[in-house]
Amino acid sequence: MFIVFFNKKRTIKYLLFVKISYIIQVMNYYIPPDSFYIGSIEIKFYGLIMSLSMLFGVLLACKLAKRRGVKSDDIMLLALIVLPCAIVGARLYYCFFYEYNYSFLEIFNIKQGGLAIYGGVIGGIIGIIIFALIKKDFRLILTLCDICAPCLILGQALGRWGNFFNQEAYGNLVTDPNLQWFPISVFIESEQSWYQATFFYESLWNAIGVVILLFVYYKTKMVGTTTASYMIWYGLGRTWIEGLRSDSLYIGTSNIRVSQLLSMVLVVAGIVWLVFNIYRRKKSNG
């Protein structure tokens with residue numbers, strides 16, 4: 001009996017290994033299309049993935065809200081405010097820091113691409129403040145930030161795969177043949193070369209972040225702790241990964257990567273916030 005169980009266990013592990021190896025081999029030579037058609041309607045993979053990311057984020061928020069005494073109806077209203085604000089913020093941030101000078105009308109042409117996550121986060125925070133104004137309760141702001149933090153990083157983990165289909169957000173050139181395989185690197189068709197798969201690095205980092213933030217959210221009731229944890233975890237990952245990317249946005253004509261700088265600020269602010277929360281809790285406990 002033991003031998004049968006042992007062999008079955010080994011067989012499952014072997015099959016899993018073979019399946020993963022096969023997927024990696026396929027990814028090494030697969031050049032993804034950026035869209036598909038339903039009839040005459042073109043569907044962009046990037047837009048589809050972003051939409052699904054938002055949907056899963058909202059569904060998770062509805063579940064998390066119950067633990068903080070927030071109604072699902074309020075989360076749905078919040079989503080109707082926050083998501084448009086996030087999209088506008090992401091677009092404005094990108095247009096402001098991108099080297100090309102966008103005209104007023106071109107800013108609205110998001111079909112040509114150009115969204116930045118930090119602008120989306122800023123827009124989302126503005127949306128939360130607007131929601132608090134509507135509800136006339138500013139105490140909701142930090143509670144909603146805590147609810148949204150795990151949902152945000154989940155959306156970021158999923159959303160990065162939109163970059164895979166768009167063949168963007170990659171890193172430095174990889175010339176070592178031993179490293180020219182996914183997920184270490186990704187083949188970029190337009191360049192006919194292998195580059196660091198930084199979109200995957202960040203997706204994996206954020207996926208781990210989802211687990212960490214959910215653990216923090218369910219283990220502590222102190223308002224702001226989950227948000228501070230997001231700031232630290234995401235900021236650390238983005239600081240490292242942004243330094244590898246070849247398409248960073250810069251501050252003016254300087255060599256300062258704006259997202260890397262913001263990430264460092266985020267980490268420091270998150271640590272200060274977390275320490276303050278710990279100090280406040282100890283003080284309240286006497």
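Numbers here simply count residues along the sequence, with the first being 1.
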Novice: Ignoring hydrogens and geometry, is there a side-chain-to-backbone donor-acceptor pair from Ser185 to Leu179 under 3.5 Å?
Specialist: yes

Novice: Give a yes or no on this: more than 12 heavy atoms of other residues, nucleotides or ligands lie within 6.0 Å of atom OH of Tyr218.
Specialist: yes

Novice: Please tell me if the side chains of Ile117 and Tyr234 come closer than 4.5 Å, counting only heavy atoms from C-beta onward.
Specialist: yes

Novice: Check whether any side-chain heavy atom of Trp233 sits under 4.5 Å from a side-chain heavy atom of Val216, and report yes or no.
Specialist: no

Novice: Keeping the roles fixed (side chain from Gln156, backbone from Asn206), state whether a donor-acceptor pair exists under 3.5 Å.
Specialist: no

Novice: Kindly say whether Phe199 contributes a backbone atom to a donor-acceptor pair with the side chain of Glu202 at under 3.5 angstrom?
Specialist: no

Novice: Return yes if some donor-acceptor pair links the side-chain N/O of Gln196 with the main-chain N/O of Asn172 below 3.5 Å, else return no.
Specialist: yes

Novice: Keeping the roles fixed (side chain from Arg68, backbone from Leu144), state whether a donor-acceptor pair exists under 3.5 Å.
Specialist: no

Novice: Do Ser193 side-chain atoms and Glu191 backbone N/O form a donor-acceptor pair below 3.5 Å?
Specialist: yes

Novice: Just wondering, more than 12 heavy atoms not from Phe96 lying within 6.0 Å of its CZ?
Specialist: no

Novice: Is the side chain of Thr226 donor-acceptor paired with the backbone N or O of Ile147 at a distance under 3.5 Å, no angle test?
Specialist: no

Novice: Determine whether Leu92 and Leu83 fall in the same hydrophobic cluster, where Ile, Leu, Val, Met, Phe, Trp and Tyr are linked whenever their side-chain heavy atoms lie under 4.5 Å apart.
Specialist: no

Novice: Looking at Phe182, Phe164, Trp194, Trp181, which hits ring-ring contact (aromatic ring centres under 6.0 Å, His included) with Phe187?
Specialist: Trp194

Novice: For Val223, is there any backbone N or O sitting under 3.5 Å from a side-chain donor or acceptor partner on Asn277?
Specialist: yes

Novice: Quick check: does any side chain N or O of Asp146 sit under 3.5 Å from a backbone N or O of Thr227, one acting as donor and the other as acceptor?
Specialist: yes

Novice: If you count the non-hydrogen atoms of other residues, nucleotides and ligands that lie under 6.0 Å from CD in Gln192, is the total more than 12?
Specialist: yes

Novice: Without swapping roles, check the side chain of Ser229 against the backbone of Leu213 for a donor-acceptor pair under 3.5 Å.
Specialist: no

Novice: For a quick test of reading the model, state the closest non-hydrogen atom pair linking Asn163 to Ala169 and the distance between them.
Specialist: CG-CB, 3.7 Å

Novice: With distance as the sole criterion, is a donor-acceptor pair present between the side chains of Arg238 and Ser263 under 3.5 Å?
Specialist: no

Novice: Salt bridge or not between Glu242 and Arg257? Use side-chain N to carboxylate O under 4.0 Å.
Specialist: no

